[in-house]
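Hydrogens, waters and symmetry mates play no part in the numbers below; they use all other heavy atoms, side chains included. Whatever order the structure lists ligands and atoms in, that order sets their numbers, starting from 1.
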Amino acid sequence: MRAVTAPDPGGPEALVVSEHPDPTPGPGEVVLDVVASAVNRADTLQRQGFYPPPPGASDILGMECSGRIAALGEGVEGWSVGDEVCALLAAGGYAEQVAVPAGQLMAVPAGIDLVDAAALPEVACTVWSNVFMIAGLQPGETLLVHGGAGGIGTTAIQLGKALGARVVTTCGTEEKVAYCRDLGADVAVNYRTEDFVAAVKEIGGADVVLDNMGASYLARNVDALATEGRLVVIGMQGGTTAELDLSVLLRKRGAVIATSLRARPAPEKEAIVAATAEHVWPLVADGSVRVVVHDRVPLAEAARAHQLMEDSSHSGKIVLVTGRS
Ligand SMILES: NC(=O)c1ccc[n+]([C@@H]2O[C@H](COP(=O)([O-])OP(=O)(O)OC[C@H]3O[C@@H](n4cnc5c(N)ncnc54)[C@H](OP(=O)(O)O)[C@@H]3O)[C@@H](O)[C@H]2O)c1
């Protein structure tokens with residue numbers, strides 16, 4: 001099969017498309033014929049040598065995909081060869097085939113195109129697990145989503161609104177501000193020209209913050225929290241080390257949490273996948289949460305897809321298509 005790796009860290013041109021052995025399913029796994037995968041910002045870090053796959057995982061990039069089941073491993077129940085699915089992966093999605101634990105498969109939500117379904121697993125599982133399972137966002141609360149026009153951001157805005165929260169978001173251009181408002185954000189702030197802390201405080205502070213920036217936003221995020229607010233850090237686009245005034249957090253009885261989905265053990269991923277399929281898929285099927293695909297790029301042009309993400313000109317997800325339909 002053809003697959004994409006980054007044997008020598010570097011820019012988008014470091015991605016290499018080459019032949020690899022076809023995978024075989026281990027016990028409890030299935031092999032998928034991959035129809036599409038999708039780009040995540042972590043893939044660009046992996047390509048640069050900063051984010052290695054978890055121990056034992058393939059060095060083929062790609063943390064999600066969609067496709068059809070080609071083979072079932074020993075002990076797999078409830079799935080059949082030919083089923084159309086999407087999957088959360090530790091690695092291996094940028095390929096024509098991938099082996100995946102059956103517990104990380106999800107049926108394609110009703111009415112969703114099989115290619116577009118590749119854009120769902122990573123963002124849906126990340127947002128559901130962090131904003132709802134961990135931070136416990138409630139209807140009527142305020143959710144602050146940073147990077148609202150990105151893959152995670154577009155999903156978090158829509159899920160927050162669908163489940164009754166007030167959503168404030170940040171993004172870097174006026175075009176993206178308008179885009180996020182169209183997606184349902186109650187308040188969208190251009191972080192280059194406006195103070196997001198002031199905008200959030202004006203409406204009583206954020207009960208939950210979903211943060212992709214890390215160090216550069218830590219103090220401002222804590223400042224923006226409401227009493228008993230929960231800040232969940234999932235990205236470090238603004239660095240890893242910052243000073244935190246604990247007295248501010250203490251006065252608010254606030255919480256700062258940081259998580260990574262990819263590194264979780266398989267049983268935890270399976271629980272998140274099951275909860276996501278139960279709670280998020282009906283909202284995708286009824287149209288309350290749209291799959292936002294910015295572009296479809298052939299797998300062989302993965303380097304162009306990475307460049308697109310690093311230019312930050314995208315809104316939503318960038319999908320990689322293998323050519324299988
Ligand atoms: N921990 C986990 O388990 C987990 C799982 C998935 C993703 N993540 C993280 O989540 C983040 C988003 O991932 P993604 O795949 O959705 O990437 P993405 O589509 O590239 O989204 C990132 C967004 O951040 C925005 N941004 C850049 N600088 C910003 C700033 N100073 N303030 C606010 N927004 C800013 C970018 O656009 P503009 O600046 O143009 O608005 C872009 O829309 C990444 O940091 C990724 O590593 C973590």
- Task: Please list, chain by chain and in numerical order, all residues satisfying ring pair (Phe, Tyr, Trp, His ring centres under 6.0 Å) with His146, sequence neighbours excluded.
- Result: Phe196, Tyr217
Present, as a list of atom pairs with distances to 0.1 Å, all nitrogen or oxygen contacts under 3.5 Å between ligand 1 and the protein.
| from | atom 1 | to | atom 2 | distance (Å) |
| --- | --- | --- | --- | --- |
| ligand 1 | 1 (N) | Ile234 | O | 3.0 |
| ligand 1 | 1 (N) | Thr259 | O | 2.8 |
| ligand 1 | 3 (O) | Leu261 | N | 2.7 |
| ligand 1 | 15 (O) | Arg41 | N | 3.1 |
| ligand 1 | 16 (O) | Gly151 | N | 3.1 |
| ligand 1 | 16 (O) | Ile152 | N | 2.8 |
| ligand 1 | 19 (O) | Gly151 | N | 2.9 |
| ligand 1 | 19 (O) | His314 | NE2 | 2.8 |
| ligand 1 | 20 (O) | Arg41 | NE | 2.7 |
| ligand 1 | 20 (O) | Arg41 | NH2 | 3.0 |
| ligand 1 | 20 (O) | His314 | NE2 | 3.3 |
| ligand 1 | 24 (O) | Asn212 | ND2 | 3.0 |
| ligand 1 | 28 (N) | Tyr191 | OH | 3.4 |
| ligand 1 | 31 (N) | Tyr217 | OH | 3.1 |
| ligand 1 | 32 (N) | Tyr217 | OH | 2.7 |
| ligand 1 | 34 (N) | Gly147 | N | 3.3 |
| ligand 1 | 37 (O) | Lys176 | NZ | 3.3 |
| ligand 1 | 37 (O) | Ser312 | OG | 3.4 |
| ligand 1 | 39 (O) | Tyr191 | OH | 2.4 |
| ligand 1 | 40 (O) | Lys176 | NZ | 2.7 |
| ligand 1 | 41 (O) | Gly172 | N | 2.8 |
| ligand 1 | 43 (O) | Gly150 | N | 3.3 |
| ligand 1 | 45 (O) | Gln237 | OE1 | 2.7 |

Anything under 3.5 Å between a donor and an acceptor, one on a side chain of residues 92-112, the other on a protein residue two or more places apart or in another chain? List them.
| from | atom 1 | to | atom 2 | distance (Å) |
| --- | --- | --- | --- | --- |
| Tyr94 | OH | Asp43 | OD2 | 2.7 |
| Tyr94 | OH | His306 | NE2 | 3.0 |
| Glu96 | OE1 | Arg2 | N | 2.8 |
| Glu96 | OE2 | Arg2 | NE | 3.2 |
| Glu96 | OE2 | Arg2 | NH2 | 3.3 |
| Gln97 | NE2 | Asp33 | OD1 | 2.7 |
| Gln104 | NE2 | Leu88 | O | 2.7 |

- Without swapping roles, check the side chain of Thr173 against the backbone of Lys176 for a donor-acceptor pair under 3.5 Å. yes
- Asp8: partners by side chain to side chain contact (heavy atoms under 4.5 Å, CB included), with sequence neighbours left out: none
- Give a yes or no on whether Glu175 atom CD has more than 12 heavy-atom contacts from other residues, nucleotides or ligands under 6.0 Å away. no
- Mark yes when over 12 heavy atoms from residues, nucleotides or ligands other than Met236 sit less than 6.0 Å from its CE; otherwise mark no. no
